[in-house]
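Shown next, in structure tokens, is the structure this report addresses.
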Amino acid sequence: MKVRTRVAPSPTGDPHLGTAYVALFNRIFAHQHNGQFVLRIEDTDQGRSRQSSTKAIQDTLRWLGLDWDEGPDIGGPFSPYIASERLQIYRSIADKLCETGMAFPCFCSKERLADVRAHQRERKLTPKYDGHCVSLSRQKVSSLKAAGKPFVIRLLVPNDGVCEFHDQLRGKITVPWSQVDMQVLLKSDGFPTYHLAAAVDDHLMEITHIFRGEEWLSSCPKQQLIYQGLEWQVPALYHLPLLRNSDRSKLSKRKQATSINYYKRSGFLPKTLLNYLATMGWSMPDEREKFTMQEFQKHFDPTRLSTTGPVFDIDKLKWLNGEYIRELSLAQFKEQLLDWSFGEQRLERILQLMQERTEKFDDVFTKMDYLIGDRVEVVASQFEDGALTRENCLRILEFTQRKLSLVEPWKRDGIFKELKQLSVVMNLKFRDFLKPLFIAISGRSVSLPLFDSIEILGSDITMSRLRSAIVSLGGISKKQLKVFDKDWQSLHPHPLE
RNA sequence: GUCCCCUUCGUCUAGAGGCCUAGGACACUGGGUUUUCAUCCCAGCAACAGGGGUUCGACUCCCCUAGGGGACGCCA
């Protein structure tokens with residue numbers, strides 16, 4: 001049997017560990033069966049999709065060694081592999097679904113929908129579309145369209161009965177249709193939603209097996225409806241457990257570093273990450289935990305996949321990485337270390353800052369240490385000797401995180417502008433405002449220029465240092481976070497997001 | 001709130017009815033090797049969520065409860 005798998009990330013934000021996790025299993029399974037592994041970019045959200053993110057996803061997957069047989073940059077027999085270049089396809093499928101009565105145009109306003117959902121929540125019902133436009137007559141539809149009224153295409157979902165579908169790891173799953181929303185398939189901007197795009201592309205690209213996150217389990221009924229409406233064969237579905245934070249919630253940026261680049265910049269080897277990810281929810285028959293991708297491919301067996309959500313444990317990741325580091329030859333160690341520390345022009349960037357601040361060569365390395373490796377651990381007392389209270393420091397660190405998460409591109413001048421403006425609206429002297437940031441970023445109150453440092457470190461490391469500084473200061477309580485949220489709102493009358 | 005999924009040491013996991021006195025790994029603790037540290041070696045700590053069934057026998061099968069997670073968007 002011909003096996004084809006895919007990973008279909010949306011290019012929003014930083015390349016996520018979850019993407020690598022899912023890509024790994026899809027790729028290994030396809031290659032184990034002499035099949036193809038496809039990378040497809042689902043940029044179906046015009047508002048949030050970024051070109052830069054598409055590139056970042058490809059770069060990091062390649063860095064990990066998770067390269068693909070067909071994809072946006074290398075093409076393939078089912079080109080194009082970018083959703084936004086396939087709009088015509090989705091539209092014609094959506095039309096087809098409308099013609100056969102599997103879907104219908106909906107002219108409801110967002111306000112009305114929000115209203116309906118609010119009422120349903122009040123009455124403790126599952127919030128979903130109320131069927132308002134289901135039985136619009138053809139004449140009515142064409143006159144509304146002619147009048148230029150914006151509309152979406154929705155999937156028609158049965159009122160009663162149950163949906164049955166199959167997950168390879170969990171077996172038969174049944175969901176009452178009454179719980180399934182009449183999902184939008186085509187948005188008013190003419191773009192498909194992920195549900196439509198994924199179903200259509202998977203079919204047209206002849207995808208046979210899908211390994212994806214468990215978060216998609218509840219949308220299976222909708223997808224199955226699309227498949228059945230078109231008389232398409234549903235691919236074999238394997239819903240992998242979700243990677244978890246240490247508190248067992250779904251791995252999230254706020255609680256833990258989720259960006260693959262963070263792990264790269266922290267000095268983990270690609271093979272460590274792949275090996276570790278492979279042990280999340282899967283185990284070798286002989287229980288060995290350290291293995292190569294060749295060994296993984298040889299022994300991978302989806303029936304050994306477990307369904308409980310594994311906590312992503314950095315301690316164990318560090319141990320594994322140590323194992324791999326120690327087995328490097330000295331030459332390899334040297335080469336890889338130098339590339340990691342000074343690659344990508346980093347040394348030049350740093351030395352530019354260093355030269356004018358240097359009197360003797362032996363000053364250099366102690367001053368730039370925090371840009372190369374991890375900074376020293378910070379303690380609360382370091383923040384306390386200035387003009388700011390602990391709470392103010394926390395507020396600055398927290399707001400800086402929020403500000404920086406919106407900065408794009410990640411360049412010194414833009415970062416400066418944003419933070420300068422933040423200090424102004426916070427009504428703080430810039431000097432005072434910067435103090436906790438110097439400590440958080442460099443571990444010292446005096447260091448190389450802050451904004452250059454932040455640019456050189458990159459967003460992932462910067463964010464993690466800010467987060468770690470917040471922890472060192474005792475963290476932000478729920479109550480405090482509420483206060484901060486309010487303050488943040490008042491500083492930004494026109495929300496940035 | 002509703003629906004769906006999940007439940008073995010703190011964490012990752014082995015376990016497909018008797019092999020379980022529940023095994024391994026990380027972390028932690030103690031000891032040994034080593035000029036220090038790290039590595040390495042040895043030892044220790046530590047779990048079947050609870051309750052009902054089924055069975056001669058349940059970590060393994062079924063049900064209930066509890067807990068955790070996810071989904072409920074013109075996000076993916």
Side-chain angles (χ1 to χ4, degrees), chain A residues 8-13 16 18-19 41-49 53 83 106-110 113-114 117 120-129 150-154 162-163 165 167 169-171 173-198 212-222 239-251 276-290 303-323 325-327 497:
Chain A
S10 71
T12 54
H16 197 276
T19 304
I41 300 294
E42 298 284 1
D43 56 344
T44 51
D45 184 341
Q46 284 201 81
R48 295 200 306 147
S49 293
S53 181
C106 164
F107 296 86
C108 293
S109 69
K110 287 184 185 172
L113 295 171
R117 292 203 182 92
Q120 287 163 331
R121 262 182 217 280
E122 250 170 59
R123 301 202 334 260
K124 302 194 191 297
L125 297 167
T126 302
K128 56 174 207 164
Y129 185 65
F151 67 99
V152 301
I153 306 290
R154 278 181 192 277
V162 291
C163 172
F165 65 95
D167 175 80
L169 306 177
R170 283 158 258 258
I173 295 172
T174 55
V175 181
W177 282 120
S178 64
Q179 292 299 319
V180 180
D181 197 10
M182 297 200 195
Q183 177 68 45
V184 170
L185 299 178
L186 206 66
K187 310 177 210 180
S188 54
D189 65 0
F191 272 59
T193 55
Y194 188 89
H195 297 279
L196 208 226
R212 53 156 38 152
E214 194 182 353
E215 62 213 307
W216 294 102
L217 209 47
S218 50
S219 60
C220 284
K222 299 167 192 172
H239 288 92
L240 299 171
L242 256 23
L243 263 22
R244 309 293 183 91
N245 299 310
S246 48
D247 64 2
R248 296 207 165 276
S249 54
K250 170 175 162 178
L251 198 66
Y276 184 65
L277 251 13
T279 65
M280 300 269 86
W282 189 80
S283 60
M284 274 283 187
D286 66 0
E287 288 196 67
R288 96 190 97 129
E289 300 187 281
K290 182 169 170 251
T303 66
R304 292 188 66 81
L305 237 15
S306 90
T307 46
T308 50
V311 171
F312 192 88
D313 180 11
I314 304 212
D315 278 333
K316 191 145 183 181
L317 184 71
K318 283 199 278 197
W319 162 76
L320 229 204
N321 204 51
E323 293 280 311
I325 293 264
R326 270 176 245 115
E327 70 184 26
E497 279 197 314

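Everything numeric in this text was worked out from a predicted model, so none of it was measured. Residue numbers begin at 1 in each chain, while the letters A, B, ... track the order of the sequences.
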Distance-only donor-acceptor test (3.5 Å): side chain A:T279, base B:rC12: no

Side-chain N or O of A:R117 closer than 4.0 Å to phosphate OP1/OP2 of B:rG73: yes

Those residues that, when tested against A:T279, pass side-chain hydrogen bond (donor to acceptor under 3.5 Å, both in side chains) (two or more places apart): none

Below 4.0 Å: OP1/OP2 of B:rG15 and any side-chain N or O of A:R304: yes

Side chain A:D286, main chain A:R288, donor-acceptor under 3.5 Å: yes

Nucleotide paired to B:rG1 in any strand shown, Watson-Crick or G-U, under 3.5 Å: B:rC72

Phosphate-side-chain proximity, A:K187 and B:rC75, N/O vs OP1/OP2 below 4.0 Å: yes

Close N or O pairs between protein and nucleotides 67-70 of chain B (under 3.5 Å):
{"residue": "B:rG69", "atom": "O2'", "partner": "A:R244", "partner atom": "NH2", "Å": "3.3"}
{"residue": "B:rG70", "atom": "OP1", "partner": "A:K250", "partner atom": "N", "Å": "3.1"}

Pairwise C1' distance, B:rU8 and B:rG1 [rounded to whole Å]: 32 Å

Pair partner, B:rU55 [Watson-Crick or wobble, under 3.5 Å]: none

Protein-nucleotide distance (A:D181, atom CG; B:rA71, atom P), rounded to Å: 15 Å

Inter-nucleotide P distance (B:rU13, B:rA49), Å rounded: 15 Å

Separation of the C1' atoms in B:rG18 and B:rU60, to the nearest angstrom: 11 Å

P atoms of B:rU36 and B:rA43, separation to the nearest Å: 23 Å

Polar side-chain atom of A:R154 near backbone of A:M182 as donor-acceptor pair, under 3.5 Å: yes

Check nucleotides 42-47 of chain B against the protein and report each pair of N or O atoms closer than 3.5 Å, with its distance, or say if there are none.
none

Pairing partner of B:rG67 (Watson-Crick or G-U wobble, both distances under 3.5 Å): B:rC6

Distance, C1' atom - from B:rC59 to B:rU7, rounded to whole angstrom: 12 Å

Closest-nucleotide ordering on RNA chain B, the 5'-leading residue of A:E323 and A:Y276: A:Y276

Distance, C1' atom - from B:rG17 to B:rU11, rounded to whole angstrom: 29 Å

Any donor-acceptor pair under 3.5 Å from A:R121 side chain to A:P127 backbone: no

First of A:F165 and A:S306 reached from the 5' end of RNA chain B, by closest nucleotide: A:F165

Base-pairing assignment for B:rG44 (Watson-Crick or G-U wobble, both under 3.5 Å): B:rC28

Nearest-Å distance once atom P is located in both B:rG24 and B:rC9: 16 Å

Out of B:rC6, B:rU2, B:rG1, whichever nucleotide has its closest atom nearest the side chain of A:Q179: B:rU2

Heavy-atom donor-acceptor pair, A:Y276 side chain to A:D313 backbone, under 3.5 Å: yes

Listed nucleotide nearest any side-chain atom of A:I173, set B:rC4, B:rA27, B:rC74: B:rC4

N or O in side chain of A:R154 less than 4.0 angstrom from B:rC74 OP1/OP2: yes

Any N/O donor-acceptor pair, A:K290 side-chain to B:rA25 base, under 3.5 Å: no

A:G47 backbone acceptor or donor facing A:D45 side chain under 3.5 Å: yes

Of the listed nucleotides B:rC26, B:rG1, B:rA76, the one nearest the side chain of A:P127: B:rG1

Backbone of A:Q46 reached by a side-chain donor or acceptor of A:D189 within 3.5 Å: no

Nucleotide of B:rG23, B:rC12, B:rA76 approaching A:K316 most closely (side-chain heavy atoms): B:rC12

